[in-house]
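Beneath this line is the structure, given in C-alpha cells, with notes to follow.
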Amino acid sequence: TQKGGVVSGAGPGYQERETWTRQMDFIMSCVGFAVGLGNVWRFPYLCYKNGGGVFLIPYMLIVFIGGIPIFFLEIALGQFMKAGSINVWNIAPLFKGLGYASMVIVFFCNTYYIMVLAWGFYYLIKSFSSTLPWSTCDNEWNTPSCIEIFHQQNCKNGSFANTTVAANMTCAELADLRSPIIEFWERKVLNISSGLDEPGHMNWELMLCLMAVWVLVYFCVWKGVKSTGKIVYFTATFPYVVLIILLVRGVTLPGAYAGIMYYIKPDWSKLEEAQVWIDAGTQIFFSYAIGLGALTALGSYNRFNNDCYKDAFVLALINSGTSFFAGFVVFSILGFMAAEQGVDISQVAESGPGLAFIAYPKAVSLMPVAPLWAALFFFMLLLLGLDSQFVGVEGFVTGILDLFPGKYYHRYKREIAVAICCLLCFIIDLSMVTQGGMYVFQLFDYYSASGMTLLWQAFWECIVVAWVYGADRFMDDVARMIGYRPFPWMKWCWSFITPCVCMGIFLFHLVNYKPLTYNNVYVYPWWGEVIGWCLALSSMLCIPVSLLYKLFRAKGTFKERWTHLTSPVWGAHHLEYMAPDIKSMSPLSPGTDDNKVIIFESVM
C-alpha cells in the first residue's frame with residue numbers, strides 16, 4: 001500500500017494530459033529518438049577499435065546491467081508520474097534537481113546536435129550535381145597541394161622515401177598532399193580558422209541550412225505528440241530502407257569482404273583492457289539516450305496501464321541491433337575504399353563527423369553514379385538526426401510546460417514555448433557557423449553532454465528511486481501499472497549493480513581526463529577549457545545545489561525536513577488508480593467517486 005504523500009493538482013483547473021493516439025506512436029518515437037547518428041558513426045568504429053566481435057561481450061553485459069534497467073526506469077517513471085523530466089521527481093521532491101540537470105543537458109544537446117544536421121543538409125544540397133564538388137581539385141577553395149589519386153602502393157615500405165612514384169613526386173612529398181574531400185570539408189564547409197580565439201566571419205550558406213533545419217524541427221514539434229507521433233513513422237523507418245539499399249550496394253563492391261572481416265574478427269586480448277569496457281559503457285549511455293529526460297517525457301504520454309516493461313526490452317533490442325547492422329554497411333564501404341587506394345583499412349577507418357563528412361563522401365566519389373549514393377546517404381543522415389532532434393526539443397518543452405500547469409492556460413501556449421526554445425537555440429548556434437565554429441561545436445560535444453554528465457545523472461536516478469523512494473515500493477507501482485511484477489533483476493540493478501557501474505566508469509573518466517584537442521593538433525586555450533567545465537558543471541551541480549537549498553529552506557529538525565521533503569507529491573491521476581488509503585488523505589470531499597475505487601480493486 002502507498003502510505004504518506006501529498007495529493008496535488010486535483011483542483012478544478014486540472015487538465016487531462018494528452019496521450020499517444022496509438023501505442024505504436026510511442027514505440028516509433030522512442031526508436032526515432034534513441035536510434036541516431038551514434039549508432040551509425042560511433043558503434044562500428046568502437047567495435048573495430050576494441051577487438052571486433054569481442055566488443056559485443058562487454059557491450060551486451062553492460063546493456064543488461066546498465067542500459068535496460070535505466071531505460072526502463074525512465075520510461076516507467078514518466079508513465080507513473082505522468083509528468084515531464086522536472087515534475088517527475090515529485091516522487092522525491094528533494095531531488096528535483098535531477099530534473100533541472102536533465103533539462104540543462106538536453107538543452108545543450110538540442111543546441112549543438114543540430115549542427116550535424118546543418119552540415120548534412122549542406123552536403124545533401126551539394127550532392128545534386130553531375131560531378132560531386134568534393135571529388136575534384138579544380139575548385140576555388142582547393143590549394144596547390146590537392147591531389148585526386150594517391151599511388152601509395154609503392155610507398156608502403158620506408159626505403160622508397162626518395163623514389164619518384166607519381167607525377168614526378170617522391171613518397172615523402174606525397175605524404176604531405178591532401179585529398180579534395182578534406183579540403184572541401186575544412187576550407188569550404190567549415191572554412192576553419194586557426195583557433196577558438198578567432199571566430200572570423202559567418203558562413204552564410206551554412207547559416208541558411210541551419211535555419212532550414214530549425215524551421216523543419218519547429219513544424220514537427222509544435223502541435224505536440226499527436227503530430228510528432230505521425231511524422232516519426234517516416235523518419236524512424238526510412239533510414240532502415242536506406243541502410244538496406246546501401247548494404248546491398250556495399251557488399252557488391254570489391255574489397256567489401258575484407259572490410260567486414262576487419263569489423264567482426266575477434267581479438268580476445270582486448271578483453272583485458274579497461275578502455276574497452278569503458279567504451280562499451282559510455283556508448284550504451286549515449287545511444288540509449290539515458291539521463292536526458294526525453295524518455296521520461298515520451299513515457300508520460302502513455303496510458304497509465306501500458307506495458308512499459310515489454311517496451312523497454314523491445315526498444316533495447318532495436319537500438320543495439322541497428323548499431324550492429326550499421327557496422328556492416330559502414331565497413332563494407334570502408335573495405336572498398338581501402339582496396340581502391342591500396343592502403344590498410346586502419347588508415348581509412350574513422351568515427352564521428354570524420355566518418356560522415358570525410359570517409360563516406362570520399363568512398364561515394366569512387367563509385368559509379370556517385371551523386372545518387374551521396375544523396376541517399378545524406379538523406380538518411382538527416383532523417384536519423386532529425387527525429388532525435390525533435391524528440392529532444394519535445395522533451396525540453398514538455399518539462400518547461402509542466403512547470404506552468406493549468407492556471408497559465410493560453411490557447412497557443414505550446415506553440416509559443418516551442419518557438420522560443422528553437423529561437424534561443426538558433427541564436428546560440430550562430431556561434432557554430434562562424435569560421436571558429438568547429439571549435440565551439442567540439443567544446444559543447446566534449447563537455448556539455450559528455451559521458452561524464454550522463455553517468456552522473458544515471459547514478460543519481462538509480463539512487464533516488466532505489467534508496468530514497470524505495471525499490472520495492474517502485475516495483476509495486478510498476479506492478480500496479482502493468483499488472484504483474486517485473487523480474488526482481490531490475491530491482492537489484494537499480495539498488496546495487498547499475499550505480500556501481502555508473503560510478504566506476506565515471507571515476508575512470510575523471511582519472512583519465514585529457515584536455516580537449518582538435519584533430520590531435522590544436523590544443524584549446526585554458527579559458528576554452530574553463531568554458532567547457534562550466535558547461536559540464538552547469539548540469540552536474542544542479543543536483544547537490546538544489547538539494548542543499550531545499551534542506552536549508554525547510555523547517556524542523558533534520559529528520560523532519562528529510563521526511564517532509566522525500567514524501568511524494570501525487571498527481572490527480574493517482575487518485576483514480578491508488579487504493580483507498582490515499583483517498584482518505586485526499587483534499588477532495590469524502591464520498592466522491594467511490595466507483596473509482598471499486599473499479600481499481602476489480603482491475604487488481
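Index from 1, following the sequence.
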Tell me if the aromatic rings of Y48 and Y45 count as close, with their centers under 6.0 Å from one another. yes
Do the side chain of W456 and the main chain of M540 share a donor and acceptor less than 3.5 angstrom apart? yes
Show the atom names and distances, to 0.1 Å, of all donor-acceptor pairs under 3.5 Å that link a side chain in residues 236-244 to residues at least two apart or in another chain.
residue	atom	partner	partner atom	Å
T237	OG1	Y233	O	2.4
Y240	OH	T322	OG1	2.6

Applied to residues 261-270, the side chain to side chain donor-acceptor pair (under 3.5 Å) test, sequence neighbours excluded, yields D267-S269
So which heavy atom on N142 is nearest to which on T136, and how close? OD1-O, 3.5 Å
Plane angle bin for W222 and F219 - parallel if under 30°, tilted between 30 and 60°, otherwise perpendicular: perpendicular
List the atom pairs, with distances to 0.1 Å, where a side-chain N or O of residues 124-132 and a protein N or O form a donor-acceptor pair under 3.5 Å, not counting sequence neighbours.
residue	atom	partner	partner atom	Å
S127	OG	Y123	O	2.8
S129	OG	K126	O	3.3
S129	OG	T131	O	2.9

Quick check: do M115 and V433 have side-chain heavy atoms less than 4.5 Å from each other? yes
Test item: C47 and Y59 side chains (from C-beta on) under 4.5 Å apart, heavy atoms: no
Verdict with reasoning, Y439 to S193, per side chain to side chain donor-acceptor pair (under 3.5 Å): CA-CA 9 Å; Y439 303 113; S193 68; 5.1 Å; no
Do the ring planes of Y513 and Y446 sit parallel (below 30°), tilted (30 to 60°) or perpendicular (above 60°)? tilted
Heavy atoms of other groups near M60 CE, more than 12 under 6.0 Å: yes
Apply side chain to side chain donor-acceptor pair (under 3.5 Å) to S194 and Y522, showing your working. CA-CA 8 Å; S194 63; Y522 170 75; over 6 Å; no
Do you know the tightest heavy-atom contact between A356 and P361? O-CD, 3.2 Å
Closest contact, heavy atoms only, A339 versus P254: CB-O, 4.3 Å
Residue pairs, two or more places apart or on separate chains, that pass salt bridge (Lys or Arg N to Asp or Glu O under 4.0 Å) and touch residues 371-397: E394-R414
Taking the six-membered ring where the residue is Trp, are the ring centres of W185 and W119 under 6.0 Å apart? yes
If you look at every heavy atom in W141 and K188, which pair is closest and at what distance? CE3-CD, 3.2 Å
Sequence neighbours excluded, every pair satisfying side chain to side chain donor-acceptor pair (under 3.5 Å) that has a member inside residues 27-39: N39-N319, N39-S323
Can you list every salt bridge (Lys or Arg N to Asp or Glu O under 4.0 Å) pair that touches residues 34-61, not counting sequence neighbours? K49-D279
Show the nearest heavy-atom pair for residues V393 and V221, with the distance to one decimal. CG1-CG1, 4.3 Å
